[in-house]
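Step one of this worksheet: look at the structure below.
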There are 2 protein chains.
Amino acid sequence: MIDAAGLRVMRAIAQEGSFTAAAAALGYTQPAISQMVRRLEQRTGTVLVERTGRSVRLTEAGRVLARHADPVLSALDAAEEEVAAIAGLRSGRVRLMAFPSASATLVPRALALVKERFPDVTIGFTEAEPPESLAALRAGECDLAVAFAYEGTDVARGEQDLDGLVITPLLEDEVRLAVPRSHPVADRETVPLADLAGDPWIAGCPRCRGHLVQLASGAGFRPDVAYETEDYVAVMGLVAEGLGVALIPDLILRTVHHEDVVALPIEPASRRTITAVTTDDLSRVPAVAATLEALAASAAGQSRAPTTRMPEPAWSI
Amino acid sequence: MIDAAGLRVMRAIAQEGSFTAAAAALGYTQPAISQMVRRLEQRTGTVLVERTGRSVRLTEAGRVLARHADPVLSALDAAEEEVAAIAGLRSGRVRLMAFPSASATLVPRALALVKERFPDVTIGFTEAEPPESLAALRAGECDLAVAFAYEGTDVARGEQDLDGLVITPLLEDEVRLAVPRSHPVADRETVPLADLAGDPWIAGCPRCRGHLVQLASGAGFRPDVAYETEDYVAVMGLVAEGLGVALIPDLILRTVHHEDVVALPIEPASRRTITAVTTDDLSRVPAVAATLEALAASAAGQSRAPTTRMPEPAWSI
DNA sequence: ACCATCCTATAAGGCGGCGTTATCCACCGG
DNA sequence: CCGGTGGATAACGCCGCCTTATAGGATGGT
């Protein structure tokens with residue numbers, strides 16, 4: 001019945017003392033004010049303005065409206081400003097989830113980038129394996145997930161799970177074979193997986209284990225999984241002790257080293273694609289988009305020579 | 001940019017959890033909500049609602065709007081309610097001015113009537129002689145004035161002073177001659193004013209004195225004004241002591257008595273008309289209209305020769 | 001796996017709110 | 001008496017906002 005525009009007009013009249021001045025103050029023409037007041041009066045069923053020839057005076061009811069204008073309009077402005085702050089990245093909060101090995105370098109770098117460009121955008125971060133983070137995304141408990149998919153598979157299995165989701169590839173991560181320095185294949189340039197058919201294996205997270213089994217099956221054997229752990233530091237320790245061999249994503253090797261372990265390219269090569277996933281709607285939320293962009297930038301700075309294979313002293317321990 | 005309607009919609013969505021439910025809650029159809037949200041989104045330049053197939057979820061910006069809805073809308077409701085209270089006579093304040101002798105009975109009775117029917121309407125009351133009260137009315141310092149005009153003259157002299165003013169006759173007040181009981185004319189039914197040409201006179205307020213002079217001049221003499229006082233009790237005392245004669249409105253005589261004074265009709269009869277005066281705008285303010293009506297009712301109950309007519313309550317815009 | 005159901009999006013149409021310009025009228029001061 | 005200022009009114013156009021009708025997509029039960 002009464003809206004903000006009406007209050008604004010009444011306040012202007014109270015302040016300026018005439019319809020014409022109020023119109024000028026609001027950027028309207030005088031008849032606009034005249035009609036607005038009349039509409040307000042017939043809506044409220046009361047006289048709001050006393051017309052006294054030369055100027056106008058508010059009646060009691062008119063003063064009531066003028067008096068209420070300030071709180072209402074300033075609250076409205078505050079709301080608008082808050083939204084504008086979010087839209088303008090002067091505010092905003094992103095709930096980010098990433099799988100553990102992405103947390104090491106890719107994510108911190110992205111967080112730093114966002115903080116640098118938009119100091120007032122805050123990012124909440126939770127570690128989670130891809131299936132879990134995608135579920136959180138669907139449940140609305142997360143705005144942006146960093147996930148990965150091994151070559152040939154998709155981030156989310158099942159085609160229909162994908163729609164409504166925006167999937168941005170961040171980088172290609174080569175899967176390498178970690179063996180102890182003393183292992184017979186340690187000197188090889190590349191290793192066919194079949195050569196490790198007889199070795200005990202160390203598997204990581206369920207999906208990684210699945211990937212291992214799949215690769216091995218392609219190479220014609222079923223891996224003998226001796227140990228399972230999701231902790232790559234532990235994996236390296238186990239490998240170093242000669243207790244088994246393992247597949248380790250290249251990304252991990254940049255932060256987890258062990259001098260007694262070498263990481264070799266395998267044959268045929270296998271990669272996983274690290275992606276950022278969000279929903280269609282959320283991808284248009286400025287803070288989310290900014291974070292996504294930062295992740296891409298972080299990934300671009302991190303990829304060495306994505307698909308090519310490289311001689312590698314530095315990170316193969 | 002953002003208005004109350006938008007906030008109401010966002011709040012409803014937040015509360016109800018879906019567009020359809022929000023529409024139902026607000027009495028709209030679903031597409032109305034859908035479009036409203038879209039408009040808000042393009043105005044703010046941000047995504048406000050995350051569409052997740054089964055239901056919708058607000059984004060951070062959306063929650064900001066929903067959160068601001070309560071204060072704004074309740075302030076708006078409060079304003080509306082306050083105005084409605086004034087319109088519905090559950091509130092309101094009338095600044096009333098009346099000349100002293102009206103204050104005696106006519107006004108108190110009217111005040112009582114208003115208080116009885118509309119306990120929450122408050123009436124501020126100030127005594128003032130007609131010219132003064134009309135000036136206050138024009139100056140906006142008064143909403144309703146009780147004034148009087150002697151027969152043949154007008155409440156406000158000058159024709160043009162009258163427009164914009166609403167003048168309601170309340171009652172006709174006969175002017176009588178007060179003489180001491182011992183005065184030679186005290187037994188007469190009516191007294192030609194000329195018979196008092198030789199007596200000393202006691203005059204009241206300037207206008208009353210003017211009226212006296214005018215009447216006397218009509219009767220062919222110039223009154224010898226021995227005393228002047230606006231206090232009718234004093235007038236009665238002076239008359240009782242035989243210090244002079246006076247013209248006294250009938251209305252006064254109902255409250256001011258003196259056993260040694262008789263009040264006689266004069267010849268030719270003279271009356272003053274007691275009127276309520278307000279502005280055109282103010283006459284449509286409910287509290288003012290109610291007071292005006294009460295004054296008329298009070299006058300009707302008081303008039304001996306009910307030559308007055310009730311004013312029509314005019315509180316439609 | 002299909003179908004019924006529920007939700008949202010979109011199109012098209014109508015009405016009214018709200019602004020504009022043009023014009024008139026009342027009041028006021030020189 | 002006249003010019004300036006301020007308000008009211010009329011006529012008009014736009015667009016906001018609601019409606020109905022309909023399509024598309026996700027869900028959940030059998």
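Protein chains get the first letters and strands the later ones, always in sequence-line order, with residue 1 at the start of each.
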Closest to the 5' end of DNA chain C, once B:S55 and A:T52 are matched to their nearest nucleotides, is B:S55
Kindly assign one of parallel, tilted or perpendicular to the pair A:F99 and A:F148, based on the angle between their ring planes and the thresholds 30° and 60°.
-> perpendicular
Salt bridge check: are A:R272 and A:D173 linked by an N-O gap of less than 4.0 Å?
-> yes
Is A:D70 paired with A:R67 through a side-chain N to carboxylate O contact shorter than 4.0 Å?
-> no
Taking 4.0 angstrom as the limit, do A:E60 and B:R95 come out as a salt bridge?
-> no
Specify the separation, in whole Å, of atom CZ of B:F19 and atom P of D:dG25.
-> 17 Å
With the side chain counted from C-beta on, respond yes when A:L7 and A:I2 share a heavy-atom pair under 4.5 Å apart, and no when they do not.
-> yes
Residues in residues 1-17 of chain A with a heavy atom under 4.0 Å of DNA chain D, by number, are none
Is any side-chain heavy atom of B:R51 closer than 4.5 Å to a side-chain heavy atom of B:V37?
-> yes
Min side-chain heavy-atom separation A:L76-B:M1 under 4.5 Å | no
Residues within residues 23-51 of chain B bordering DNA chain D, heavy-atom distance below 4.0 Å = B:G27, B:Y28, B:T29, B:P31, B:A32, B:Q35, B:R39, B:R43
Tell me what B:T20 touches on the nucleic acid: a base, only sugar-phosphate, or nothing, going by heavy atoms under 4.0 Å.
-> base
Indicate yes or no: does A:R43 engage B:E80 in a salt bridge with an N to O separation below 4.0 Å.
-> no
